[in-house]
Amino acid sequence: MKEGKMKQRLSYALGALGHDTYYYAISTFFIAFVTGQMFAGDPHEDQMIVLVTNLVVFIRLVEIIFDPIIGGLIDNTHTKIGKFKPWLIAGGLVSSVMIILMFSRFFGLASSDHKVLFTILFIIAFIILDAFYSFKDIAFWSMIPALSEKNSERETLGTFARFGSAIGAQGATILAIPIVLAFTMGGRDQGARGFFAFGIIVAIVQGVTALITAWGTKEQKSDIRQEGEKTSPKDIFKALVKNDQLMWLSLSYILFAVGYVATTATLILNFTFVVGNAKLYSITGIVGFVGSIILVPLFPALAKKFGRRKVFTGAIISMLIGMALFLFGASVPTTVLGLIFLTAPYQLVFLSVLMTITDSVEYGQWKNGVRNEAVTLAMRPLLDKIAGAFSNGIYGFVAVAAGMTGTSFHAGTHYGVGIFKFYVYVIPAILMIISLVIYLAKVKLTEKRHQEIVAELEAKYGAETTNED
């Protein structure tokens with residue numbers, strides 16, 4: 001194995017670490033900050049929480065329609081450092097600056113009497129954050145088919161990336177509350193000052209790792225990846241719709257993702273108001289991390305032995321068992337066992353879907369005659385973005401509906417535990433079951449079929465791909 005290949009894998013893994021650290025900070029901890037600290041002490045606290053969470057959902061959903069266009073812009077980019085790196089660097093640095101502003105309470109404006117001014121500035125700032133994060137997100141994950149055309153190397157790159165993602169995501173989950181407590185005056189409760197420190201740390205981690213990925217990766221040259229004509233916005237959406245395997249997979253994944261994030265994004269509420277101990281929330285990150293370091297490296301072997309379809313199915317069944325444990329239990333042992341079944345297999349689902357979406361680049365090229373790397377790979381972050389938007393809205397809605405606002409449990413207070421469990425366990429379980437049915441019935445792009453398609457494309461273009469050994 002060449003030293004350059006390992007450098008590329010490690011650089012990509014570090015980029016994934018920072019990327020998921022940022023994603024979890026925005027998707028989970030920012031909304032926890034909004035519901036707990038952004039408007040603490042304000043007489044209109046509940047109204048402002050509802051306003052901001054609804055704005056986040058609305059902005060993210062509206063911007064989603066631009067993600068395929070962003071993918072098209074990236075596909076049409078030609079620079080000396082490739083098509084992806086300029087967007088990776090710019091998106092990573094700008095979104096890092098904006099997350100610091102989000103966790104600053106807009107330097108006191110959020111709790112002032114200037115609600116209209118705050119709302120206007122929040123909308124502008126969050127649009128900038130979400131837009132630049134989208135450029136970075138799409139550019140980052142779209143790099144995989146450009147870094148290799150071999151299934152084995154793509155799975156290795158994906159595995160390295162998900163291992164990095166696991167460290168970032170679960171590291172944020174483990175360390176977020178301790179960091180917030182450590183930087184809050186007295187260290188006994190969660191405060192705005194602690195969340196601000198957490199935001200700064202997340203910004204540094206994401207910005208630095210984005211630069212490392214840009215430095216350490218290199219796009220491959222091949223006849224299959226030969227540059228064609230620029231893709232128009234009309235052709236972008238046409239290419240997506242005509243790729244039937246991408247569409248069915250996307251439908252299956254979005255149902256899964258909404259269900260999963262509705263449950264995992266509200267786990268902090270479960271620990272705070274159902275179990276009654278917010279500090280135990282760090283267990284979530286520990287369980288997820290241990291599960292990831294065991295299962296992520298095993299993914300290539302599991303996929304080779306059983307195929308992605310069986311890996312995906314087994315992971316979903318495990319998650320349904322975990323939701324059942326959360327639904328019918330509230331003790332610490334039951335909660336930990338539920339976390340194991342729920343969070344550990346997530347990486348297997350993600351990798352199964354990511355590899356199939358990656359393979360659909362060649363499927364779309366084979367079927368439609370046009371190769372769209374960033375446009376195709378934009379679907380995965382687009383779907384996670386939809387799920388993340390819904391998770392933000394669900395968190396705010398459930399927190400208010402179940403009376404679980406604030407950051408600490410108060411004995412004797414009536415919390416709507418039944419309402420909470422229905423929205424974050426029952427409905428998500430139903431969505432996951434529907435997702436699995438669609439996946440098994442409609443997604444037919446197996447590893448074997450992809451190899452056949454690549455062989456046909458190589459024969460069609462009449463040339464050998466770049467030697468990557």
Side-chain angles (χ1 to χ4, degrees), residues 24-41 45-46 48-50 52-53 103 169-170 172-195 197-199 260-288 322-323 325-339 342-343 391-426 428:
Y24 271 73
I26 284 293
S27 296
T28 299
F29 300 108
F30 175 63
I31 298 301
F33 168 65
V34 171
T35 61
Q37 288 297 324
M38 181 173 268
F39 307 104
E45 181 177 2
D46 283 354
M48 292 304 296
I49 289 172
V50 171
V52 168
T53 52
F103 278 104
Q170 307 309 333
T173 304
I174 294 169
L175 297 175
I177 300 303
I179 288 173
V180 172
L181 291 174
F183 283 91
T184 299
M185 294 292 287
R188 294 183 297 275
D189 201 359
Q190 302 171 44
R193 178 177 175 179
F195 276 105
F198 173 70
Y260 184 78
V261 300
T263 299
T264 55
T266 52
L267 284 174
I268 192 168
L269 293 176
N270 184 82
F271 277 94
T272 304
F273 300 102
V274 179
V275 177
N277 191 335
K279 292 182 179 180
L280 290 178
Y281 176 70
S282 294
I283 295 174
T284 303
I286 296 171
V287 170
M323 287 185 175
L325 289 167
F326 275 111
L327 181 63
F328 297 108
S331 66
V332 173
T334 304
T335 300
V336 173
L337 190 60
L339 283 173
L342 175 67
T343 62
S391 77
N392 295 154
I394 290 168
Y395 189 109
F397 169 76
V398 171
V400 174
M404 296 179 177
T405 57
T407 57
S408 59
F409 175 85
H410 298 286
T413 303
H414 174 72
Y415 297 109
V417 175
I419 294 174
F420 172 80
K421 289 190 174 185
F422 176 76
Y423 283 117
V424 302
Y425 301 129
V426 176

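Residues: numbered from 1 along the sequence shown. Values below: all heavy atoms of this structure, side chains included; hydrogens, waters and symmetry mates excluded.
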Review point. Would the number of heavy atoms belonging to other residues, nucleotides or ligands and lying under 6.0 Å from OH of Y423 be above 12?
Key: no
Check your understanding: Which heavy atom in M323 sits nearest to a heavy atom in P428, and how many Å separate them?
Key -> CE-CB, 3.7 Å
Review point. How far apart are the closest heavy atoms of T263 and V424, and which atoms are they?
Key: OG1-O, 2.6 Å
Check your understanding: In Å, rounded to the nearest 0.5 Å, how long is the span from CD1 of I174 to CD1 of I286?
Key -> 5.0 Å
Check your understanding: Nearest 0.5 Å, what's the CE-CD1 distance between M38 and I49?
Key -> 10.5 Å
Check your understanding: Taking the side chain from T184 and the backbone from R193, do they hold a donor-acceptor pair closer than 3.5 Å?
Key -> no
Practice item. Taking all non-hydrogen atoms of both residues into account, name the closest pair between Y24 and A169 and its distance. Key: CE1-CB, 3.3 Å
Point to revise | Heavy-atom closest pair, residues V34 and V52 | key: CG1-CG1, 3.9 Å
Exercise for review: Ignoring hydrogens and angles, tell me if any N or O in the side chain of T334 forms a donor-acceptor pair with the backbone of S331 under 3.5 Å.
Suggested key: no
Study note, to complete from the structure: Heavy-atom nearest pair, F39 first then E45, reads O-CG, 3.6 Å
Check your understanding: A25 and F198: which non-hydrogen atoms are nearest, and at how many Å?
Key -> CB-CE2, 4.0 Å
**Study point:** Within-4.5 Å side-chain heavy-atom neighbours: F271 and T284
**Key:** yes
Review point. Between F103 and F195, how do the two ring planes meet: parallel, tilted or perpendicular, split at 30° and 60°?
Key: parallel
Check your understanding: Heavy-atom distance under 4.5 Å between the side chains of V398 and F422, does that happen here?
Key -> no
Revision key, fill the gap. dist T264:OG1 -> N270:CG (nearest 0.5 Å) comes out at 12.0 Å
**Study point:** Side-chain heavy-atom pair K421, V426 within 4.5 angstrom cut-off
**Key:** no
Check your understanding: Angle class for the F326/Y425 ring planes (parallel below 30°, perpendicular above 60°, tilted otherwise)?
Key -> parallel
**Study point:** Chi angles and distances behind the side-chain contact (heavy atoms from CB on, under 4.5 Å) call for I31, T35
**Key:** CA-CA 6 Å; I31 298 301; T35 61; 4.3 Å; yes
Check your understanding: Quick one: does V336's side chain get under 4.5 Å of L280's, heavy atoms only?
Key -> no
**Study point:** Sub-4.5 Å side-chain heavy-atom contact between I283 and L339
**Key:** yes
